[in-house]
Amino acid sequence: MSERELGFLRIGELARRTGASPELLRAWERRYGLLRPTRSQGGFRLYTAADEARVRRMRDHLSHGVAAAEAARLALAAEAAAPAARPPEVAATAPLQAAARELAAALDQFQEEQAHEVLDRVLAAYRIETVLRDLLIPYLHDLGERWARGEVSVAQEHFAANLVRGRLLGLARGWGQGHGPAAVLACLPAEQHDLGLLAFGITLQRRGWRIVYLGPDTPIATIHHAIGRITTDLVVLTSTVAEHVAANADAIADLARSTPVALGGAGATAELAARTGAHLLDTDPVTAAERIPTPAAPRRSGRR
Amino acid sequence: MSERELGFLRIGELARRTGASPELLRAWERRYGLLRPTRSQGGFRLYTAADEARVRRMRDHLSHGVAAAEAARLALAAEAAAPAARPPEVAATAPLQAAARELAAALDQFQEEQAHEVLDRVLAAYRIETVLRDLLIPYLHDLGERWARGEVSVAQEHFAANLVRGRLLGLARGWGQGHGPAAVLACLPAEQHDLGLLAFGITLQRRGWRIVYLGPDTPIATIHHAIGRITTDLVVLTSTVAEHVAANADAIADLARSTPVALGGAGATAELAARTGAHLLDTDPVTAAERIPTPAAPRRSGRR
Amino acid sequence: MSERELGFLRIGELARRTGASPELLRAWERRYGLLRPTRSQGGFRLYTAADEARVRRMRDHLSHGVAAAEAARLALAAEAAAPAARPPEVAATAPLQAAARELAAALDQFQEEQAHEVLDRVLAAYRIETVLRDLLIPYLHDLGERWARGEVSVAQEHFAANLVRGRLLGLARGWGQGHGPAAVLACLPAEQHDLGLLAFGITLQRRGWRIVYLGPDTPIATIHHAIGRITTDLVVLTSTVAEHVAANADAIADLARSTPVALGGAGATAELAARTGAHLLDTDPVTAAERIPTPAAPRRSGRR
DNA sequence: ATAGGTTTTGTCAAGCTTTTGTACAT
DNA sequence: ATGTACAAAAGCTTGACAAAACCTAT
């Protein structure tokens, strides 16, 4: 199970690899449903690597004296449990919370594949905004708290954050194209946490905005430079530390005189917003983005 | 060292593991009720890991000089009853009816965002089966009736149906994976309504089945082709028009001779089911899927 | 006797280097498409180093007991994976072609999981527009042609189309929200092929539009109803059959008098577009969507 | 503990089809 | 170079068989 062996095996090769005769493999299929190969155009059985693993488990159980029918049952059952492909009725009441627990469990164990699997499933079933607001942001919040309490190592936190960042960046792809109003997004100097800002940007983009993303630790001067080159309808700045916001208050105020500025993150207080003339974002990033009004909606005609 | 023992052992292997002869194990069962094995289809005793532990305790007592009858009593007494916690079932459908009204209002107005928002909320709180049976299927039914009465335009109906289809296909993602029994799902020729069939498939998948989905307007002949490539345990065909079922009755009967076939949708009548040798699905798709028995193990052995 | 064929090998030399006879190499090309040599002026096959490597992989798989058809598939698929790992984009479509082959192989075999795996991998590496234009649309086109030639059964076609539709509808989720211009999308009456229209809609949405999707087989009259309820900037109609367009020409012309209409699909001809006063979409759906101008771009603030 | 019968499970065979490397004619 | 043909190898299905393992009852 090392590499991406997407290929199919025919029965002879499977037999050779597992040490079970073709006749026996067919009997196991017929009697216990151990294998369910697809067929070639001409009807030959085609097996996958997963099938090979299952036969191995079967043989293993047999060598331990388990009767064939039971060995097959066990070999099959191992699959229902291991890949959490099917959330086994745990917490049937709140599927999304169950998914959050699954995600946490996978990431705590450095199980990249299973984490992606959970995210794939959830993204297929829910709107992105919901996944961000009700799954990923609470998860990241919880992760941060567990890290603060020492329940999670730096390695686990980094692993999880980077995996989530990768997914968010994937969702963000192409967010700068289109014709809507444009927002410039940046973390204030010294601020490294950009996941909330990414969620904000994704939500905003899905409401018709174009996003110019400057990311963590951005000097205010850089923002001036960006604004000079792009018609900008909104600048969004975030920081988790109020002191860092305060340290940049004058520059922010200066910026806010020429362009609408919104201030978010745990370090953004009402007092600082008032002082800088910025708009305060005081809810979760998704809700905050949904509340941003669209500037000067174009009046369209139905008549031509 | 622990989960391998989830399987059953036959008497020979139990004897080998515990050092007690099969005859002795049977005698202990008969005389002291030490063991209460389940039986295989053919009558073989099947023991669990708990049985193995009990035999070990028995032998242990015996080696300490305790008389057999007393040893058995002790070995049995050691077992304490561990009551299993039962997950509470949430079943209040009143909020779902409210959600159905919200959904209808949103879709009637071509409000995609609100419709998705309702569905996200409901899916986050209820089991998928519940959402399908108590929200979406009633909603679609109602939509159809309003369309027939001319209260809803084709545009509204198309818009709503396509949005719901998108959500259902999202929930369906990955339903072909796994190693459970496989069902091939298709609408009969000329039939375009596949939403009920999607709901059926999603429910069936969550009960361990694999789904191969062929969708609307599928010629019967092509199902033979699919079956030739996939080990198929069930074929499900639906149509809303009895005449369309009747027009294909011979082909369905032919199919039913080689594979179990179930017939659903408003066009599936008891008479047609009897005529074609198909199983009739005469409830809502979710309930119908829940009633499909899982083929425990392919019991196709050639006994005579 | 010949020009210097820089870096190219002829079949004899390739045979000598790889140990496969020329006849065998030709058979592999014919049966599995393993090689696609360019030709010399006189018709000789000219192979590259990549071809040689591919033959080596093929032989390697064969020596491991993999059947020839599978060995070829793997040898080809290896090309899809390797370059995809590298930083992406820049219109290198060769890996996408390989991915298309992988996708075709998976879907032909009703392998849902592997098909999703290919799509996940590609979507993680490329822009959606690129995946649509260079992978999915060519794939669907090819699928249609193979179906017409009888190389693919209706079951395979249905299965593939429904899986792709599920992915597209997933990508489309939320396309009706936001504040951009709105487009109403529909297939003309009798038209069931909506995948191209979905691709069109997704592209348009990513450029800032809002989409109202009515889907297959939509009566023109009902579009009026939708337009009456939504401020509509564009109506897009498609059909693969010119006769169906012609049959609705008057209604389309009527519609086009009050709202901009674009006409796409294989059934949309310049003549019909001219007759109905509709705009002709005569490229692939993605390119067509990218060429749609945004109506009356709002002049945004950013006072300077 | 033994006898007599049943179930389970690995193996085999007959008759036919598909796959695949190689050969040959044009 | 192309296309067709061919035959060996590998597979398929159905049906059957026998040894091992297990049953009950005496």
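All chains are named by letter (A, B, ...) in the order of the sequence lines, taking the proteins before the strands, and each is independently numbered beginning at 1.
Note on A:S40: a side-chain N or O is less than 4.0 Å away from OP1 or OP2 of D:dT19. Within the 4.0 Å cut-off from OP1 or OP2 of D:dT20, at least one side-chain nitrogen or oxygen of A:R10 is found. OP1 and OP2 of D:dT20 both lie 4.0 Å or more from every side-chain N or O belonging to C:W28. For the OP1/OP2 pair of E:dT13 and a distance below 4.0 Å, the side-chain nitrogens and oxygens of A:R45 include at least one atom meeting the criterion. Residue A:Y32 has no polar side-chain atom (N or O) positioned under 4.0 Å from OP1 or OP2 of D:dT8.
Going from atom CD of B:Q41 over to atom P of D:dT8 covers 7 Å, rounded to whole Å. Straight-line distance from the CZ atom of B:F8 to the P atom of E:dC22: 16 Å, rounded to whole Å. Rounded to whole Å, the distance from CD on C:E29 to C1' on D:dG21 is 16 Å. Note: CZ (A:R30) to C1' (E:dG11) measures 15 Å, nearest angstrom. As rounded to whole Å, 16 Å separates atom P of D:dT19 from atom CG of A:L9. The interatomic distance linking C:L24 (CG) with D:dT19 (P) rounds to 17 Å, in whole Å. Summarising the geometry, the separation between CG on A:L46 and C1' on E:dA10 is reported as 13 Å, rounded to the nearest angstrom. Rounded to an integer number of Å, the gap from CG of A:L25 to C1' of D:dT9 is 14 Å.
Each of C:L62 and A:M58 was assigned the nucleotide of DNA chain D with the nearest heavy atom; the assignment lying further toward the 5' end belongs to A:M58. Between A:A27 and B:E23, the residue anchored nearer the 5' end of DNA chain D, judged by the nucleotide with its closest heavy atom, is B:E23. Taking for each of A:E13 and B:I11 the nucleotide of DNA chain E with the nearest heavy atom, the 5'-most of the two is the partner of A:E13. Comparing C:R31 and B:F44, the nucleotide of DNA chain E nearest to each residue sits closer to the 5' end for C:R31.
Note on ring orientation: taking the six-membered ring where Trp is involved, the planes of C:F110 and B:H225 are tilted (angle from 30° to 60°).
Residue-level contact check: A:R26 touches the bases, meaning some heavy atom is under 4.0 Å from a base atom. C:R39 comes within contact range of the sugar-phosphate backbone alone, with a heavy-atom separation under 4.0 Å but no base atom that close.
No side-chain N or O of C:Q109 forms a donor-acceptor pair with one of A:R39 less than 3.5 Å apart.
Taking the side chain as every heavy atom from C-beta outward, B:I252 and B:L188 approach each other to under 4.5 Å.
Remark: A:R10 does not engage A:E13 in a salt bridge, criterion side-chain N to carboxylate O under 4.0 Å.
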Derivation and outcome, side chain to side chain donor-acceptor pair (under 3.5 Å), residues A:Q41 and B:R229: CA-CA 7 Å; A:Q41 197 102 44; B:R229 298 197 152 210; 3.1 Å; yes
